Undergrad: 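Before I ask anything, let me first share the structure, which is written out below as structure tokens.
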Amino acid sequence: GGSGGVGAQVDYKIIGIDPGAGIMKAAEKAIEEYDLKDWELVEGSGAAMTAALTQAYKDKKPIIITGWTPHWKFSKYELKYLKDPKGVFGAGEEIHTVVRKGLKEDQPSAYAFLDNFHWTTEDMEKVMLDIADGKKPEEAAAEWVKNNEEKVNKWVEGIQPADGKKISLAYVAWDSEIASTNVVKTVLEQKLKYQVELSQVEAGPMWAGVANGDVDGMVAAWLPTTHADYYEKLGKDVEDLGANLEGTKVGLVVPAYMDIDSIEDLKK
Ligand SMILES: C[SH](C)CC(=O)O
């Protein structure tokens, strides 16, 4: 592209997250389908991506990231999704709760609550923002639970407490799932008296752990598109309890001060 092309401005790099994330597969597909020769998808982590975004935004520098909603970045920075005319990143989707087979028989109380767990992008963003502003995840989660008693009590209405039984949840260190998993842990502990163990893993091991029964469940399944590959492979070995949040979106995200609007513009 021309010397001033956006590629040269960002050294032909898209700043991604952990390699197992579905958004990374979609970004690789975008590089292919939009014929973005010379472009590179940089692997890293959710935290490294947000650190790079924060730095670039402070310096009003161009940057292209793999981004998703809900995320605190949209309330802190003026950002926009690049249009995706080929639909590589899919349409709006949901985050599902997925549990191991047999959980309903073994831990009926946890199962019933996990089946009820459902909240909004605003709810999740509040917890994410508190964590981004420095609160520990468990503190931000406990505060949200305290401030949303009505919604929380509906989740656990009529469910028998479990007096110290153990529940294990897996998650990936995406800001959205750090928030949701800590809220679920807080409710399981405070309201249903479980002992909850969280394991932070990559996306592949998270799905595999639930499928082979190593963990009881997770609230981090981005479906139907972003985790389609995991679902195709392991869907029959897990129990999908449906959406715990609707209205998610994934794609390539840039600061509003960049004068590009579509993934097509990366070719210039
Ligand atoms: C929170 S990320 C969009 C999920 C993923 O890409 O696998």
Side-chain angles (χ1 to χ4, degrees), residues 14-31 41-53 64-76 79-82 84 87-98 119-129 131-132 137 169-184 198-211 215 217-235 238 240 243-254 263:
I14 294 168
I15 306 302
I17 58 174
D18 43 289
I23 200 170
M24 294 295 275
K25 235 169 249 140
E28 290 290 2
K29 207 170 138 210
I31 287 175
L41 174 60
V42 177
E43 291 179 359
S45 67
M49 178 274 284
T50 49
L53 173 66
I64 303 170
I65 59 167
T66 53
W68 62 93
T69 301
H71 198 283
W72 55 263
K73 56 183 178 290
F74 291 101
S75 43
K76 270 211 186 299
L79 304 170
K80 57 188 177 184
Y81 278 95
L82 292 181
D84 170 21
V88 166
F89 287 94
E93 52 180 1
E94 307 167 332
I95 306 177
H96 284 215
T97 299
V98 174
W119 63 342
T120 66
T121 50
E122 291 73 29
D123 292 324
M124 180 187 264
E125 278 175 357
K126 171 73 181 105
V127 181
M128 290 173 88
L129 209 48
I131 297 170
L169 300 172
Y171 70 105
V172 185
W174 302 317
D175 291 333
S176 30
E177 278 60 32
I178 293 168
S180 54
T181 308
N182 275 280
V183 164
V184 165
L198 300 187
S199 45
Q200 180 191 308
V201 291
E202 296 298 311
M206 173 176 75
W207 274 91
V210 180
V215 285
M218 50 98 156
V219 288
W222 283 63
L223 292 168
T225 316
T226 305
H227 286 180
D229 296 2
Y230 292 123
Y231 197 74
E232 221 166 280
K233 214 170 80 190
L234 301 169
V238 300
D240 177 5
N244 60 54
L245 183 142
E246 278 102 7
T248 60
K249 184 174 169 51
V250 301
L252 297 187
V253 171
V254 300
I263 299 176

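Both counts, for ligands and for their atoms, begin at 1 and track the order of listing. Just so it is clear, the structure is predicted and the values come from calculations on it, not from any experiment.
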Undergrad: Could you check ligand 1 for N or O atoms lying under 3.5 Å from protein N or O atoms and list the pairs with distances?
TA:
from     : atom 1 : to     : atom 2 : distance (Å)
ligand 1 : 6 (O)  : Gly22  : N      : 3.3
ligand 1 : 6 (O)  : Ile23  : N      : 2.8
ligand 1 : 7 (O)  : Gly22  : N      : 2.7
ligand 1 : 7 (O)  : His227 : NE2    : 2.7

Undergrad: Among all residues two or more places apart in sequence or in another chain, which pass the side chain to side chain donor-acceptor pair (under 3.5 Å) test with Tyr81?
TA: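 Thr69.
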Undergrad: Sequence neighbours left out, what passes side chain to side chain donor-acceptor pair (under 3.5 Å) with Lys233? Give chain and number order.
TA: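 With neighbours one apart ignored, the set is empty.
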Undergrad: Are Ser176 and Trp68 linked by a side-chain donor-acceptor pair shorter than 3.5 Å?
TA: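 A donor-acceptor contact under 3.5 Å links the two side chains.
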Undergrad: Could you check whether any side-chain heavy atom of Trp222 comes within less than 4.5 Å of a side-chain heavy atom of His227, counting everything from C-beta outward?
TA: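 In short, these two side chains touch, coming nearer than 4.5 Å.
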Undergrad: Do any N or O atoms from the side chain of Thr181 and from the backbone of Ile178 form a donor-acceptor pair under 3.5 angstrom?
TA: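 No; zero donor-acceptor contacts below 3.5 Å.
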Undergrad: With sequence neighbours excluded, what pairs up with Thr226 under the side chain to side chain donor-acceptor pair (under 3.5 Å) test?
TA: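 If we apply the side chain to side chain donor-acceptor pair (under 3.5 Å) test to Thr226, skipping adjacent residues, the hits are Glu93.
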